[in-house]
Protein chains: 2
Amino acid sequence: MASKPAPDNAASDQADQSELLGLVGYNLRRAYLVIQSRFDERMEKHDLRQAEFSVLSVVKSNPGINQKALAEALVVAPPNLATLLDRLEARGLLTRQRNPEDKRAQLVELTTQGAQLCGRALKAAVNADDAAVGRLSVAERRQLKALLRKIFTD
Amino acid sequence: MASKPAPDNAASDQADQSELLGLVGYNLRRAYLVIQSRFDERMEKHDLRQAEFSVLSVVKSNPGINQKALAEALVVAPPNLATLLDRLEARGLLTRQRNPEDKRAQLVELTTQGAQLCGRALKAAVNADDAAVGRLSVAERRQLKALLRKIFTD
DNA sequence: TATTGTTATACTCTATAACTATA
DNA sequence: TATAGTTATAGAGTATAACAATA
């Protein structure tokens, strides 16, 4: 238990942050920073940000989804989704078409190119995930996901 | 098990995001958004942001810490820590003094007022934590923290 | 009137380069 | 020459109000 000599002042070694580490929120933030960093590294070659990848993934699984449903699913504010889709559409990764049955709504679909990029990006995302949770067993990863999901699922 | 009728198209109900939910990173992000929101609600009355609270907490536990150690501990870039400390110092919550033994360094300490606010803020932070992980047992919370720590600890 | 989506905008967070003063 | 801290600034992420088109 007593493995290292007690530092005689706080700044001499590593700062004590036991108070923060007692909070789930702080641990969550710190882990999120790591995984975000791994993700960005690996997604750079695809020129995709996290929000952009998540849009492609959900549109791929839900072809013809409208922007309201997409915004709700991804917890993105509609104005921000609009500009996000502008970029992806300009890159030829997806299309927006007015819904003939309700001309207010836009039907969003991936192009072939978008679907292909999404496939490659998923592999990079899985790779980033693995790099970040490399020290967790498969069972621990499953458990972690289940615990996290309890926090954000209604 | 079969409680609701299967939707005949993706946009009719809730979007399928099983692909994203398979990633630890996405679950982490979604959980982080929830806890961040609870935290901000409860910290508003103390007029403290997350980074500000974390600074107060670490300085309280490490009186006389210098900014380099503080920046490293909290994973904040030094320029951003400088402006953060400017605000907290202007509010009379902490002091910066040049280290007489190395006049480049600043020794950071909480004022009495800062220590008092930090104490009240910690209660609010614990409360926010509880609100966010209310559906997890005590054992699950401990387990979640341990799993998260494995991700960001070297 | 309510809803979908857009534009414009502002605010926070984060990152980098260039500087100062000390060592 | 290297380090601690600062200033200035730019970029990304996020939030809100006001608007247009449609229902």
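Just so we're on the same page: letters track the sequence lines, and every chain starts at 1.
Between Lys150(B) and Glu140(A), at least one side-chain N (NZ, or NE/NH1/NH2) sits under 4.0 Å from a carboxylate O, which counts as a salt bridge.
Across every non-hydrogen atom of Met43(A) and Leu48(A), the tightest pair is CG-O, 3.2 Å. Looking at every heavy atom in both residues, Arg49(A) comes nearest to Phe39(A) through C-CE2, 4.3 Å. Nearest approach of Val59(B) to Ile65(B), heavy atoms of both residues: CG2-CG2, 4.2 Å. Contact record, Arg96(B) with Ala82(B): NH1-O, 3.8 Å, taken as the closest heavy-atom pair.
Here Arg29(B) lies in heavy-atom contact (under 4.0 Å) with sugar-phosphate atoms only. Residue-level contact check: Asp86(B) touches the backbone only, with heavy atoms under 4.0 Å from sugar-phosphate atoms and none from bases.
With the nearest nucleotide of DNA chain C identified for both Arg98(B) and Asn80(B), Asn80(B) has the one nearer the 5' end. Comparing Pro100(A) and Lys68(B) along DNA chain D, the residue whose closest nucleotide (by nearest heavy atom) sits nearer the 5' end is Lys68(B).
The stretch residues 36-57 of chain B has no heavy atom under 4.0 Å from DNA chain D, so no residue of it qualifies as close. Heavy-atom distances under 4.0 Å link DNA chain D to Asp102(A), Lys103(A), Arg104(A) of residues 101-110 of chain A, given in residue order.
Atom CZ in Arg96(B) sits about 9 Å away from atom C1' in dG5(D), given to the nearest Å. Atom P of nucleotide dG5(D) and atom CD of Glu72(B) are separated by 10 Å, given to the nearest angstrom. Going from atom CG of Asn66(B) over to atom C1' of dT3(D) covers 11 Å, rounded to whole Å.
Chain B approaches DNA chain C over the interval dT12(C) to dA23(C), counting the first and last nucleotide 5' to 3' with an atom under 4.0 Å from its heavy atoms.
If you run side-chain contact (heavy atoms from CB on, under 4.5 Å) between Gln67(B) and each of Leu84(B), Val76(B), Leu81(B), only Leu81(B) comes through.
Annotation: Glu44(A), atom CD; neighbour count of heavy atoms from other residues, nucleotides and ligands within 6.0 Å does not exceed 12.
Placement of Leu107(A) and Leu85(A) in two distinct hydrophobic clusters is found when ILVMFWY residues are connected by side-chain heavy-atom separations under 4.5 Å, directly or transitively. Criterion: ILVMFWY side-chain heavy atoms under 4.5 Å apart, direct or through other members. Under it, Val126(A) and Leu28(B) are part of a common hydrophobic cluster.
Side-chain contact check for Ser57(A) and Glu19(B): at least one donor-acceptor pair (N or O, by modelled atom type) lies under 3.5 Å. Gln17(B) and Tyr26(B) share a side-chain donor-acceptor pair at under 3.5 Å.
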